[in-house]
Amino acid sequence: TLTLTLTLTLTLTLTLTLSKARCSLTLGDAGTAVADARAATAMCCRTPSGWLALAEALEANGEAPGAKEARAELAYLAGS
């Protein structure tokens with residue numbers, strides 16, 4: 001049950017962090033969105049939604065090279 005508890009905690013934390021990143025981006029706070037999306041990808045580097053959120057946040061923050069790298073990771077995870 002400890003493994004299940006940890007898995008659920010990570011899943012919930014990841015979901016909340018990604019939601020916070022998307023909300024920050026919608027509100028025009030790209031810097032916070034980048035920080036939250038980076039935190040999400042650090043929690044689970046195999047979650048495509050984290051890399052997509054990071055790419056979008058980096059683009060909104062004017063960081064095109066970083067966004068390109070995030071999209072490359074997203075394509076890798078998608079098997080493209």
| said: Within this structure, what is the CG-CG distance for the pair Asp36 and Leu18, rounded to the nearest 0.5 Å? | reply: 9.0 Å

| request: Output the distance between atom CG (Leu52) and atom CZ (Arg22), rounded to the nearest 0.5 Å. | output: 5.0 Å

| field | Within-4.5 Å side-chain heavy-atom neighbours: Leu8 and Leu12 | value | no

| remark: Between Ala39 and Thr17, the two heavy atoms sitting closest are CB-CG2, 4.1 Å

| task | Taking all heavy atoms of Ala37 and all of Ala53, pick out the closest pair and write down the distance. | result | CB-C, 3.8 Å

| message | Can you confirm whether Lys20 sits close enough to Leu16 that some side-chain heavy atom of one is under 4.5 Å from a side-chain heavy atom of the other? | response | no

| query | Within the side chain of Trp51, is there an N or O that forms a donor-acceptor pair under 3.5 Å with the backbone of Ala75? | reply | no

| field | Note, Lys68 side chain near Glu59 side chain (heavy atom, < 4.5 Å) | value | no

| said: Quick test of your reading of the model: are Arg46 and Glu73 salt-bridged, counting only N-O distances below 4.0 Å? | reply: yes

| message | Restricting to non-hydrogen atoms, name the atom on Ala33 and the atom on Ala21 that form the minimum distance, rounded to 0.1 Å. | response | CB-O, 3.4 Å

| request: Check Ala57 against Ala30 and note the closest heavy-atom contact, atom names and distance. | output: O-CB, 4.2 Å

| Arg38: side-chain contact (heavy atoms from CB on, under 4.5 Å) partners, not counting sequence neighbours | Val34, Leu54, Leu58, Glu63

